[in-house]
Enquirer: 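Just passing along the structure, written as structure tokens.
Each chain gets a letter, A, B and so on, in the order the sequences are listed, and its residues count up from 1. Please read all numbers here as calculations on a predicted model, not as lab measurements. Scope of the values below: all heavy atoms of this structure, side chains included, with no hydrogens, waters or symmetry mates.
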Amino acid sequence: MSLVRVIGRTTLIGRIVEVEAYGGQNDPASHAYRGITPRNRPMFGEPGHAYIYFTYGNHYCLNVTTRRAGVAGAVLIRAIEPVKGLNVMKRFRPGVPEGQLSNGPGKLTKALAIDRSLNEADLTRSGPLYIGRARSRQLPFTIRRSPRIGITLGIERLWRFYVESNQYVSRAASGNRRTYR
DNA sequence: TCGAAGATTCTA
DNA sequence: AGAATCTTCGAA
């Protein structure tokens with residue numbers, strides 16, 4: 001799947017190569033673990049919408065809500081492989097080598113100029129930010145899974161999924177594999 | 001109201 | 001390995 005960012009006449013596209021799943025009160029690593037708060041409210045909303053939060057005083061992270069309204073669930077987009085608009089992404093990430101443009105959740109939001117203004121945006125339809133099927137046919141690839149990164153609880157769950165050997169995955173790890181086409 | 005922790009990134 | 005940086009939320 002592709003993440004598409006439209007800014008005026010400019011369209012930026014990235015192939016999603018790494019994600020993590022987050023649940024609700026059954027998932028101690030989730031923002032929604034202790035119930036609804038002002039920040040995590042989008043996680044309890046309609047599926048297919050953006051949940052964007054600000055963290056560590058510097059970075060925005062983008063999630064897609066996944067469960068029906070009233071049930072918390074989201075997928076964190078952790079990395080994308082730039083497909084279109086590379087030059088613009090570089091402008092948003094001055095001085096950064098190409099391979100590190102979008103290989104992390106905070107990096108990709110900066111490369112695509114994503115911030116709180118897009119919180120709760122509908123990602124299922126054309127707009128400033130949405131997710132679509134890849135335009136061109138993909139070669140077969142292998143998805144691996146591993147524990148989620150940067151959390152202290154819930155590490156026993158293999159809820160991180162990433163494209164094997166892709167340069168833009170934030171970091172490698174071992175896990176089971178399954179091939180998709 | 002206060003303070004500790006945080007789904008990170010960058011530098012040394 | 002440690003700093004930067006500031007919002008968020010639970011506890012008091």
Enquirer: Does B:dA7 have A:Y22 stacked on its base, where the ring centres are within less than 5.5 Å and the planes differ by under 30°?
Expert: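 Base of B:dA7: stacked against A:Y22.
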Enquirer: Using a cut-off of strictly less than 4.0 Å, decide whether A:K107 has a side-chain nitrogen or oxygen near OP1 or OP2 of B:dC10.
Expert: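 Yes, A:K107 has a side-chain N/O under 4.0 Å of OP1/OP2 on B:dC10.
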Enquirer: Rounded at 0.5 Å granularity, tell me how far CG in A:L86 sits from NZ in A:K90.
Expert: 5.0 Å
Enquirer: Which residue lies toward the 5' end of DNA chain B, A:Q100 or A:I151, if each is placed at its nearest nucleotide?
Expert: A:I151
Enquirer: In whole Å, I'd like the distance from the CG atom of A:N63 to the C1' atom of B:dT8.
Expert: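 These atoms are roughly 14 Å apart.
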Enquirer: Between C:dC9, B:dT8, B:dT9, which nucleotide has the shortest distance from any of its atoms to the side chain of A:C61?
Expert: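 The closest nucleotide is B:dT8.
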Enquirer: With a 4.0 Å cutoff (strictly under), does any side-chain N or O of A:R93 reach OP1 or OP2 of B:dC10?
Expert: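 Yes, A:R93 has a side-chain N/O under 4.0 Å of OP1/OP2 on B:dC10.
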Enquirer: Name the closest nucleotide to the A:F54 side chain, picking from C:dT5, C:dT7, B:dA7.
Expert: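 Side chain of A:F54 sits closest to C:dT7.
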Enquirer: Using a cut-off of 4.0 Å on non-hydrogen atoms, how would the nucleic acid contact of A:R39 be classed: base, sugar-phosphate, or nothing?
Expert: sugar-phosphate
Enquirer: Using both distances under 3.5 Å as the test, list the Watson-Crick or G-U wobble partner of B:dA7, or none.
Expert: none
Enquirer: Does the side chain of A:V163 reach to within under 4.5 Å of the side chain of A:I16, using non-hydrogen atoms?
Expert: no
Enquirer: Roughly how far, to the nearest 0.5 Å, is OH of A:Y53 from CZ of A:R116?
Expert: 11.0 Å
Enquirer: Between C:dT7, B:dC10, B:dA7, spot the one nearest the side chain of A:H31, thanks.
Expert: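 Of all the options, the side chain of A:H31 is nearest to B:dA7.
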Enquirer: Between atom CG of A:L12 and atom CD1 of A:I80, what is the distance when rounded to the nearest 0.5 Å?
Expert: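 That separation rounds to 8.5 Å.
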Enquirer: Can you measure A:Y56 atom OH to B:dG6 atom P for me and round it to whole angstrom units?
Expert: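 In whole Å, B:dG6 P lies 7 Å from A:Y56 OH.
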Enquirer: Quickly work out the A:N40 CG to B:dA5 P distance and round it to whole Å.
Expert: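 Taking CG of A:N40 and P of B:dA5, I get 20 Å after rounding.
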Enquirer: Please report the distance, rounded to the nearest Å, between CZ in A:F161 and C1' in B:dA7.
Expert: 15 Å
Enquirer: Can you tell me which nucleotide in C:dA4, C:dC9, B:dA7 comes closest to the side chain of A:N58?
Expert: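 My answer, after comparing the listed nucleotides, is C:dA4.
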Enquirer: To the nearest angstrom, how far is A:R34 atom CZ from B:dG6 atom P?
Expert: 10 Å
Enquirer: My understanding is that a pair needs two contacts under 3.5 Å, Watson-Crick or G-U wobble. By that rule, which nucleotide pairs with C:dT5?
Expert: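 When the pairing criteria are applied, nothing turns out to pair with C:dT5, so the answer is none.
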Enquirer: Which nucleotide wins on minimum distance to the side chain of A:T55, given the candidates B:dC10, B:dT9, B:dG6?
Expert: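 Selected nucleotide (nearest to the side chain): B:dG6.
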Enquirer: Take atom OH of A:Y53 and atom C1' of C:dT7, then tell me their distance rounded to the nearest Å.
Expert: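 Nearest whole value for this atom pair: 12 Å.
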Enquirer: Grab the two heavy atoms, one from A:A74 and one from A:M43, that are nearest each other, plus how far apart they are.
Expert: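 Minimum heavy-atom contact is CB-CE, 3.9 Å.
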Enquirer: Answer whether the closest heavy-atom distance between the side chains of A:E20 and A:P105 falls below 4.5 Å.
Expert: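 Not in contact.
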Enquirer: Counting side-chain heavy atoms from C-beta on, which of B:dC10, B:dA7, C:dT7 comes nearest to A:R116?
Expert: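 Shortest atom-to-atom distance from the side chain points to C:dT7.
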Enquirer: May I have the distance from A:L76 (atom CG) to B:dG6 (atom C1'), rounded to whole angstrom?
Expert: 13 Å
Enquirer: Expressed in angstrom and rounded to an integer, what is the separation of A:I52 atom CD1 from C:dT7 atom P?
Expert: 17 Å
